[in-house]
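Below: the structure, in structure tokens.
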Amino acid sequence: MRTLRAHMENEPEVMMRITALLKRKGFLFKRIEMSDDAPNNGAWLNITFLENGPEFMKAVHTVENVVHVHSVEEINL
Amino acid sequence: MVLNGAHILIECLKQQGVDTVFGFPGGAVIPLYDALYQHRDAIKHHRTCHEQAAIHAADGYARATGRVGVGIVTSGPGATNTITGIATAFMDSMPLVVICGQVANPLIGRDAFQEVDITSMTLTITKHCEMVRSLEELPETMMRAFEIARSGRPGPVLIDVPKNIFLESMAFDVATLQPKEKTSEVNPCITDHPLVLAIRRSKKPVIIAGGGVRHAEASDALFAFATQFQIPVANTLMGSGTFPQDHPLALGMIGMHGHAYANRLLSGADLVITMGVRFSDRVIGRAETFCKNAVMIQMDIDRNEFNKNITADYHLLGDLNDYIQQLTPLLSGWGGYLCYSPKEKEAAVQAPTFTAQHILKTIKGAVGDEAIVVTEVGQHQMWTAQHWGFNTPRQFLTSGGLGTMGFGLGAAIGAQIGCPDETVVHIAGDGSFKMNAIELSTVSKYKLPILTVIFNNQSLGMVRQWQKMFCDSRFSETDGDDSVDFVKLAAAFGITGIRVSSIEALKLMLDAAFDRTQPLVIECLIHQDDAVYPIVPPGCSLTEMDEGGSQ
């Protein structure tokens with residue numbers, strides 16, 4: 001399983017948009033975590049995907065395009 | 001200067017160069033409509049009968065002019081009525097800014113009258129959507145909305161504005177709103193890219209031009225590139241007109257209802273260069289067999305299109321114009337397509353019976369080559385794409401991705417308002433036309449000289465065709481609909497309506513009634529069994545076309 005971490009503005013709409021877009025593109029979620037301890041009053045959003053979904057990098061590129069997302073990376077939990 | 005939020009929003013629109021908007025007023029946007037009234041000399045508002053048509057009109061305006069289309073609606077049902085229009089624009093990457101009124105902040109979450117969470121509803125059908133939280137945020141939010149809508153791969157943006165924000169006031173100076181300087185990303189250099197050698201080795205290359213060519217305004221570069229190297233050009237539905245169809249290198253449309261010659265030549269290509277193509281299932285047929293013997297080069301501005309439906313051998317991310325310019329000197333001396341014979345694509349000429357092909361030819365003869373053609377969705381749409389022959393990129397406006405029946409009349413209204421000096425032809429089937437026929441009222445109200453041509457086969461023709469071919473002619477809910485007299489319907493809106501059933505009558509009526517100054521509705525009675533050919537049956541490859549009897 002692979003985990004994506006997005007540094008984003010601390011707004012529920014941003015999290016909703018990310019999860020909705022990923023769901024629409026067929027990704028399956030194992031775990032979603034949001035915390036407000038990111039720099040510049042932002043938030044971290046960690047999403048761990050189930051393995052039988054689309055290619056991981058598609059998720060990264062999708063999230064990178066969302067307004068109010070500052071950066072996206074893969075992390076090891 | 002101290003202004004309220006409604007006037008600030010108007011100033012933001014003016015600062016973006018907006019002089020035309022489409023919409024429908026309601027409780028949550030009364031302050032905004034009050035400001036619009038006071039600025040009516042600078043911004044012309046056009047009211048449709050239904051919010052869906054307002055968004056289609058803004059979409060048609062954007063498609064025809066290349067500018068951002070703007071829609072304004074109220075909260076609740078006003079907002080939900082926009083959803084089909086927004087999704088239509090999203091699927092075809094059209095730049096819209098939709099401004100929705102919302103109930104006042106203190107009422108949000110209380111199930112107030114006409115309250116819906118429209119940003120949640122439109123999360124996956126907008127390029128971006130957001131609710132304005134405070135008046136101070138409004139100017140920057142509006143500027144960002146336009147920037148997002150038109151930048152990169154365009155798309156619709158929805159801005160939800162609570163009513164209290166329209167009414168609150170603050171000091172505002174429009175001069176403080178400076179658009180950010182464009183920071184267009186530079187494409188990487190491809191001088192040493194292996195795709196150059198792959199192209200040079202090719203003897204049977206084909207270009208596929210998609211809607212992205214239009215968005216990138218790359219038609220001229222495509223034309224120069226294709227003609228210099230003698231590369232045949234096929235197009236998707238959304239790429240219609242990006243390469244002139246009267247040129248010998250134009251193959252026509254590919255896909256489920258593409259031209260047979262285009263599908264065949266593409267399937268035999270040894271190299272395919274795609275430009276702004278998203279490889280819809282309607283374009284590629286069975287994915288595993290699509291151009292299976294060709295080296296595939298995919299150019300797109302949206303990297304999410306790479307490896308989505310087709311796995312290409314090479315990807316070029318970025319601006320099409322720049323890549324074409326880079327490629328041109330690198331291919332110097334290359335011979336392009338060897339032994340290409342445009343004569344082979346000529347279809348057999350049919351006797352001039354009252355079929356779609358001849359109706360369209362007759363209409364085109366009357367309106368001229370430059371007319372903007374807007375369609376609904378169905379058989380008439382495919383016939384138009386096949387037989388009209390578009391030569392310029394903003395000439396054919398159609399709902400390609402979402403396939404929205406009811407799109408056409410609203411979009412034609414927007415196109416005619418955006419291009420008042422052009423002839424706008426709205427081609428519809430009877431089923432699609434009935435979906436938003438009430439917008440004839442808008443056509444009449446604004447005296448828009450739109451020519452509407454209804455292909456009336458008294459059925460839902462495309463579904464009926466599929467039922468005939470794939471359901472043993474069990475015509476479930478598609479047949480026998482003769483309940484509307486379209487001539488009388490047009491007359492009810494003060495529009496001349498004509499019914500014809502022969503090419504001779506159509507010519508006579510066009511000569512007598514079509515004068516480019518008044519709207520006109522022509523109902524063409526066609527046979528229920530007239531079908532769209534070729535058709536690639538679902539799940540089949542492009543080479544498994546059923547060409548019917550018309551090719």
Side-chain angles (χ1 to χ4, degrees), chain A residues 1-34 36 38 40-47 49-74, chain B residues 87 90-91 93 97 100 102 108-109 117-134 137 140-160 162 180 185 278 300-311 315 317-318 401-402:
Chain A
M1 286 181 290
R2 299 175 75 175
T3 300
L4 166 159
R5 182 168 80 163
H7 178 209
M8 55 178 232
E9 293 195 13
N10 191 5
E11 295 285 347
E13 282 177 351
V14 186
M15 185 198 74
M16 288 171 63
R17 186 168 188 85
I18 291 170
T19 53
L21 282 172
L22 292 174
K23 173 193 167 283
R24 178 175 175 269
K25 290 180 181 293
F27 287 95
L28 301 169
F29 306 133
K30 170 75 172 175
R31 184 186 302 118
I32 301 173
E33 296 171 329
M34 184 172 164
D36 64 355
N40 304 320
N41 298 319
W44 296 118
L45 180 67
N46 295 341
I47 302 175
F49 298 97
L50 292 173
E51 285 177 351
N52 53 344
E55 184 196 344
F56 178 78
M57 286 310 293
K58 277 187 181 296
V60 173
H61 296 326
T62 299
V63 178
E64 280 174 341
N65 284 343
V66 175
V67 177
H68 299 144
V69 170
H70 305 305
S71 63
V72 186
E73 61 183 341
E74 182 175 10
Chain B
F90 181 75
M91 292 292 280
S93 307
V97 171
C100 287
Q102 180 57 279
I108 289 175
D117 182 359
I118 191 64
T119 52
S120 291
M121 292 179 185
T122 54
L123 279 172
T124 62
I125 55 167
T126 52
K127 190 174 174 190
H128 177 62
C129 60
E130 65 179 294
M131 180 191 282
V132 181
R133 304 281 179 182
S134 68
E137 284 182 10
E140 191 180 330
T141 303
M142 291 304 301
M143 195 164 67
R144 183 165 58 233
F146 279 86
E147 169 68 21
I148 294 170
R150 64 179 153 226
S151 64
R153 180 177 183 167
V157 174
L158 182 140
I159 303 298
D160 198 20
K180 290 175 189 169
E185 291 185 18
R278 64 184 178 84
D300 208 288
I301 199 164
D302 182 356
R303 78 169 114 190
N304 284 317
E305 290 302 332
F306 296 154
N307 298 327
K308 187 175 82 175
N309 297 328
I310 287 288
T311 302
H315 298 124
L317 176 68
L402 197 65

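All chains are named by letter (A, B, ...) in the order of the sequence lines, taking the proteins before the strands, and each is independently numbered beginning at 1.
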Q: Please list, in residue-number order, every residue in residues 8-16 of chain A that has a heavy atom less than 4.5 Å from any heavy atom of chain B; write 'none' if there are none.
A: A/E11, A/E13, A/M16
Q) Mind checking which of residues 64-74 of chain A sit less than 4.5 Å from chain B, heavy atom to heavy atom? A) A/E64, A/N65, A/V67, A/H68
Q | Region of A/R17 that comes under 4.5 Å of a non-hydrogen atom in chain B | A | both
Q.
Can you tell me if A/E55 has over 12 outside heavy atoms packed within less than 6.0 Å of its CD?
A. yes
Q.
Nearest 0.5 angstrom please: A/K25 NZ to B/N304 CG, how far?
A. 5.0 Å
Q) Do you know which two heavy atoms are closest between A/A20 and B/L123, and how far apart they sit? A) CB-CD1, 4.0 Å
(Q) Restricting to non-hydrogen atoms, name the atom on A/K58 and the atom on B/F306 that form the minimum distance, rounded to 0.1 Å. (A) NZ-O, 3.2 Å
Q.
Quick check on B/T119 against chain A: is it the side chain, the backbone, both or neither that has a heavy atom closer than 4.5 Å?
A. side chain
Q: Measure B/R153 against the heavy atoms of chain A and call it side chain, backbone, both or neither at under 4.5 Å.
A: neither
